[in-house]
Number of protein chains: 2
Amino acid sequence: MTDESRDAVEAVDSVLVALSDPTRRQLLDLLAVQGEATATTLAERLPVSRQAVVKHLAVLDTAGLVSSSRIGREVRYTVRPAALDATARWMTALAASWDRRLANIRRAAEAAERDSH
Amino acid sequence: MTDESRDAVEAVDSVLVALSDPTRRQLLDLLAVQGEATATTLAERLPVSRQAVVKHLAVLDTAGLVSSSRIGREVRYTVRPAALDATARWMTALAASWDRRLANIRRAAEAAERDSH
DNA sequence: TGGATGTGCAACTACAGAGTTGCACATCGT
DNA sequence: ACGATGTGCAACTCTGTAGTTGCACATCCA
């Protein structure tokens, strides 16, 4: 395995883990709508504490799904589409690969069926 | 929210949860390569017990990522690309939606900047 | 300067789920 | 019929993590 593909797998892994939590997906929704927001204001719109939101945002940041910038005493978070898009492409390619394999196996089975007659 | 979109959200959730585990992704890889396999043979290729594999396959089945069919005393599992493809489309649409929102916000900010002069 | 607001750090609880083992049951081949 | 192989069910352990609370520190503003 190449270094690049290993990194790609790790990147996909972190994105999938990040997206597997419903609260984190809700956070991404809120961020996408507002464009920019702090952990404190996001927590006001969710049934969890600010600290819980901070932890979720850290996970999303590690996955590359959000970025943060400090302005004075505030830390503003923004959504980053690139990581999501890359993972979507990975999934599409994987689905296509499965399709090809299944088609091949079906074709091989039919050929074997013909040969047996 | 419509019934369809609620179902879609639940479907996406189950797929993301299923894919967030590395052992389950490995199982999907093995299944895609072999086309068809039982929990017992899959467990031989993984560092976990058969029962662990069975549980993982149940999760994958609920997410629609695999299907099973009984042949005698064996239960054979196969990969199903449709659910994966649907989730990939959901992610692509979401990334595009984020892009649009970010572009709008950037545009609005520039307009406000112009107006202030 | 001092109160108000926002963030960071640490310790703690609680629950979900990944994994295990043991055994019962069903099915195949001889 | 009987041993071998494959599956199903149940109970259990254990680690990861989502969530909490409390407090200290930094920044804004009046």
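Proteins get letters first, then strands, A, B, ... in listed order; numbering begins at 1 in each.
- Mapping Q51(A) and G72(A) onto DNA chain D by nearest heavy atom places Q51(A) at the nucleotide closer to the 5' end.
- Between the R50(A) side chain and the A43(A) main chain, no donor and acceptor come within less than 3.5 Å of each other.
- Where DNA chain C meets chain A (any atom under 4.0 Å from a heavy atom), the bounding nucleotides read 5' to 3' are dA4(C) to dA11(C).
- In this structure, K55(A) atom NZ and dG19(D) atom P are separated by 9 Å, rounded to whole Å.
- When rounded to the nearest whole Å, the span between CD of Q26(A) and P of dA18(D) equals 15 Å.
- No donor-acceptor pair under 3.5 Å is formed between the side chain of R76(A) and the backbone N or O of E36(A).
- Ion pairing of D29(B) with R25(B) is absent here, as no side-chain N (NZ or NE/NH1/NH2) approaches a carboxylate O to less than 4.0 Å.
- W98(B) places a side-chain heavy atom less than 4.5 Å from the side chain of L28(A).
- Between the side chain of T62(B) and the backbone N or O of A58(B), at least one donor-acceptor pair lies under 3.5 Å.
- Looking at L16(B) and W90(B), their side chains come closer than 4.5 Å, going by heavy atoms from C-beta outward.
- Between H56(A) and dG19(D), a side-chain N or O to OP1/OP2 separation shorter than 4.0 Å is present.
- Listed for the T92(A) side chain is a donor-acceptor partner under 3.5 Å among the backbone atoms of A88(A).
- The side-chain contact (heavy atoms from CB on, under 4.5 Å) with R24(A) is formed by just one residue from the set L65(A), V66(A), L60(A); it is L60(A).
- Recorded end-axis angle for the helix from dT1(C)-dA30(D) to dT30(C)-dA1(D) stands at 30°, based on five pairs per end and rounded to 10 degrees.
- Comparing V17(A) and R76(B) by the nucleotide of DNA chain D that holds the closest heavy atom to each, the one mapping nearer the 5' end is R76(B).
- R70(A) comes within 4.0 angstrom of sugar-phosphate atoms only, judged by non-hydrogen atoms across all strands, and of no base.
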